[in-house]
Amino acid sequence: MGSPADSEKSRERLLSAAGEVFAEHGFRHATVRDICARAGQGLGAVSYHFGSKESLYAAVMQCAHPASMATYVASAVAAGRTPEDRLRSYVRVFLEHVFDERQPAWQGRLLIHELASPTAALDTFVRDCVRPHFELLRGIVADLLGPQADETTVVDHCASVIGQCVFYKQSRPIIERAMTDRRYDRADLERLADHIAEFSLAGLTASRSALEARVAARPRRASGRR
């Protein structure tokens, strides 16, 4: 397979070609033959570099949302002094990923295929790439809601924050067609980050107040029944 540098280039070409083929056909219908042909590699290249089609797919999924992003997010979030600051940092970094124009077009299509027809690679993808992000947000939201919030309440609020961010990635073609005078791109990042953070903080503050009111009311209701 040549020098280490040549071997690494071969591996990268396979990953890129596999990303495109898997995004077009999904894991089950993509073939190793098609991937190797698009990469300009011999048929044994997948086995040499990855061992199997399944392992190649798992590596491609990792590329679609690299685990290293968790370190980047954690660094940005850690810089915040208050839970409010950390939430703003989290939202901004999330949107940076959403509007990152350097990402290959196949990445979004690949994830859509995977969500529509999950494979074993989804468990690894969630464990290594999604859950670290979620746990960061979960800690921020738990701090903002306070100790009276149970796990279900915290998770529901996390999903609301994430949903707002993902909306601008998955639904952008619909938004731009429904509102013909709007186009969303990286120039909107700061404005949208501020909007999502402020909207989320207002909702979290209201939820915390409601939870605290419920806790404060319990003894009064109990004494009234005696």
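Just so we're clear, the structure is a prediction, and the values are computed from it rather than from any experiment.
With sequence neighbours left out, H29 forms a side-chain contact (heavy atoms from CB on, under 4.5 Å) with H25. With sequence neighbours excluded, no residue satisfies salt bridge (Lys or Arg N to Asp or Glu O under 4.0 Å) with R28. Annotation: side-chain contact (heavy atoms from CB on, under 4.5 Å) contacts of S47 (sequence neighbours excluded): none. Residues passing the salt bridge (Lys or Arg N to Asp or Glu O under 4.0 Å) test with R33, sequence neighbours excluded: none. Legend: residues meeting side-chain contact (heavy atoms from CB on, under 4.5 Å) with S160, ordered by chain and number and at least two apart, are absent. For E8, there are no salt bridge (Lys or Arg N to Asp or Glu O under 4.0 Å) partners, not counting sequence neighbours. Residues passing the ring-ring contact (aromatic ring centres under 6.0 Å, His included) test with F199, sequence neighbours excluded: H195. Scanning for ring-ring contact (aromatic ring centres under 6.0 Å, His included) contacts around F50 gives an empty result, with sequence neighbours left out. Looking at residues two or more places apart in sequence or on another chain, you find a side-chain contact (heavy atoms from CB on, under 4.5 Å) between Q107 and A64, Q103, P104. Remark: E12 engages no residue in a salt bridge (Lys or Arg N to Asp or Glu O under 4.0 Å) (not counting sequence neighbours).
For the atom pair S16 OG and R11 CZ, the distance stands at 12.5 Å (nearest 0.5 Å). Here L192 contributes atom CG and Q164 contributes atom CD; the two are 10.5 Å apart, rounded to the nearest 0.5 Å. For the atom pair L111 CG and F22 CZ, the distance stands at 13.5 Å (nearest 0.5 Å). How far CG of L137 is from CZ of F94: 9.0 Å, rounded to the nearest 0.5 Å. Taken to the nearest 0.5 Å, the CZ atom of F167 stands 8.0 Å off from the CD1 atom of I174. For the atom pair E212 CD and Q148 CD, the distance stands at 4.5 Å (nearest 0.5 Å).
Between P83 and L144, the shortest heavy-atom distance links the atoms CB-CD2, 3.5 Å. Pairing each heavy atom of H157 with each of T153, the nearest pair is ND1-O, 2.7 Å. A pairwise comparison of heavy atoms in K53 and A30 identifies NZ-O, 2.7 Å as the closest pair. Summarising the geometry of L87 relative to A197, their closest heavy-atom pair is CD2-O, 4.3 Å, with the distance given to 0.1 Å.
Using the six-membered ring where Trp is involved, F27 and Y57 have ring planes that are tilted, between 30° and 60° apart. Taking the six-membered ring where the residue is Trp, Y90 and H133 present perpendicular rings, their angle passing 60° and hence far from 30°.
D194 and R191 are not joined by a salt bridge, as no carboxylate oxygen comes within less than 4.0 angstrom of a charged side-chain nitrogen. Comment: E24 does not engage R109 in a salt bridge, judged by the lack of any side-chain N to carboxylate O separation of less than 4.0 angstrom. Note on E84 versus R88: no salt bridge recorded, every NZ/NE/NH1/NH2 to OD/OE distance being 4.0 Å or above.
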Test side chain to side chain contact (heavy atoms under 4.5 Å, CB included) applied to C165 and V91, step by step: CA-CA 7 Å; C165 297; V91 169; 4.1 Å; yes
Checking side chain to side chain contact (heavy atoms under 4.5 Å, CB included) for the pair L95/I196: CA distance, chi angles, key distance, verdict? CA-CA 10 Å; L95 288 182; I196 292 171; 4.1 Å; yes
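Other residues, nucleotides and ligands place more than 12 heavy atoms under 6.0 Å from the CG atom of L115.
The side-chain heavy atoms of L145 and S207, taken from C-beta on, include a pair separated by under 4.5 Å. Contact check for W106 versus V21: no side-chain heavy atoms found under the 4.5 Å cut-off. Looking at heavy atoms from C-beta onward, S7 lies in side-chain contact with H49 at the 4.5 angstrom threshold. Two residues are said to be in side-chain contact when any heavy atoms from C-beta on lie closer than 4.5 Å; C36 and V32 meet this criterion.
With hydrophobic clusters built from ILVMFWY side chains whose heavy atoms lie under 4.5 angstrom apart, V215 does not share a cluster with L211. Linking ILVMFWY side-chain heavy atoms closer than 4.5 Å, directly or via other members, places Y168 and I112 in two distinct hydrophobic clusters.
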I'd like a table of donor-acceptor pairs (distance under 3.5 Å, sequence neighbours excluded) in which one partner is a side-chain atom from residues 118-125, with atom names and distances.
unit_1, atom_1, unit_2, atom_2, d
T119, OG1, E114, OE1, 3.3
T119, OG1, E114, OE2, 3.0
T119, OG1, A121, N, 3.2

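S55 contributes no side-chain N or O that, together with a main-chain N or O of G51, makes up a donor-acceptor pair within less than 3.5 Å. Remark: the backbone N or O of R81 is not paired with any side-chain donor or acceptor of R86 at under 3.5 angstrom. In this structure, the side chain of S10 does not engage the main chain of D6 through any donor-acceptor pair within 3.5 Å. Under a 3.5 Å cut-off, the side chain of T82 and the backbone N or O of D85 do form a donor-acceptor pair. Of the possible donor and acceptor atoms, none in the side chain of K169 sits under 3.5 Å from a partner among the backbone N and O of H97.
Under the salt bridge (Lys or Arg N to Asp or Glu O under 4.0 Å) criterion, the residue pairs touching residues 149-161 are R138-E151, with sequence neighbours excluded.
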